[in-house]
Amino acid sequence: MFFSPFIIPVTAILVFGVGGILKMWIRFKERQLELMSTQTAEKAAQYAAKTERLEQRMAVLERIITDRSTNLAEEIERLRDQPLN
């Protein structure tokens, strides 16, 4: 079989070139996943904070409804003065 002296260097260049491109693509995909993970964690934290605020408000409403000893109008006015998170 006859091999040209250029076959091995050309093949090596192609293999290393494709390998380099593949390595860059993998790094790109890894970075994409890292960013997506960060965004997902941030959204989860935001939802958790919102849920916590809603649970606190719900607890106040439950206490107002079930507590007969307080004056309902006074309690509502006091809550209006409190800042929302």
Side-chain angles (χ1 to χ4, degrees):
M1 201 161 219
F2 177 73
F3 287 105
S4 170
F6 297 109
I7 296 253
I8 292 176
V10 169
T11 303
I13 290 171
L14 287 174
V15 168
F16 288 120
V18 170
I21 291 171
L22 184 59
K23 188 174 181 179
M24 287 180 359
W25 182 79
I26 289 172
R27 270 191 261 146
F28 170 75
K29 285 298 187 181
E30 286 173 346
R31 181 67 181 139
Q32 213 175 21
L33 287 173
E34 288 172 8
L35 290 173
M36 192 180 306
S37 173
T38 301
Q39 290 173 346
T40 302
E42 289 173 1
K43 281 185 180 182
Q46 290 171 355
Y47 290 142
K50 186 174 184 176
T51 300
E52 177 64 28
R53 286 192 303 271
L54 289 172
E55 287 175 351
Q56 289 172 355
R57 293 179 75 182
M58 199 63 168
V60 168
L61 291 173
E62 287 173 349
R63 187 173 48 80
I64 290 171
I65 291 171
T66 58
D67 189 3
R68 303 271 184 215
S69 66
T70 62
N71 186 348
L72 185 58
E74 289 175 9
E75 186 75 18
I76 291 172
E77 288 303 317
R78 190 173 61 79
L79 289 172
R80 283 188 185 149
D81 296 335
Q82 289 180 358
L84 294 177
N85 296 338

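Start at 1 with the first residue, then count along the sequence.
Here the CG-CZ distance, from L33 to F28, works out to 10.0 Å after rounding to the nearest 0.5 Å. A distance of 14.0 Å separates CZ of R63 from CE of M58, quoted to the nearest 0.5 Å.
Although no hydrogens or angles enter the test, the distance criterion places a donor-acceptor pair under 3.5 Å between the side chain of T40 and the main chain of M36.
The closest side-chain heavy-atom distance from Q56 to E52 is below 4.5 Å.
The pair E34-R31 counts as a salt bridge, with a side-chain nitrogen and a carboxylate oxygen less than 4.0 angstrom apart.
Side-chain contact check for K29 and Q32: at least one donor-acceptor pair (N or O, by modelled atom type) lies under 3.5 Å.
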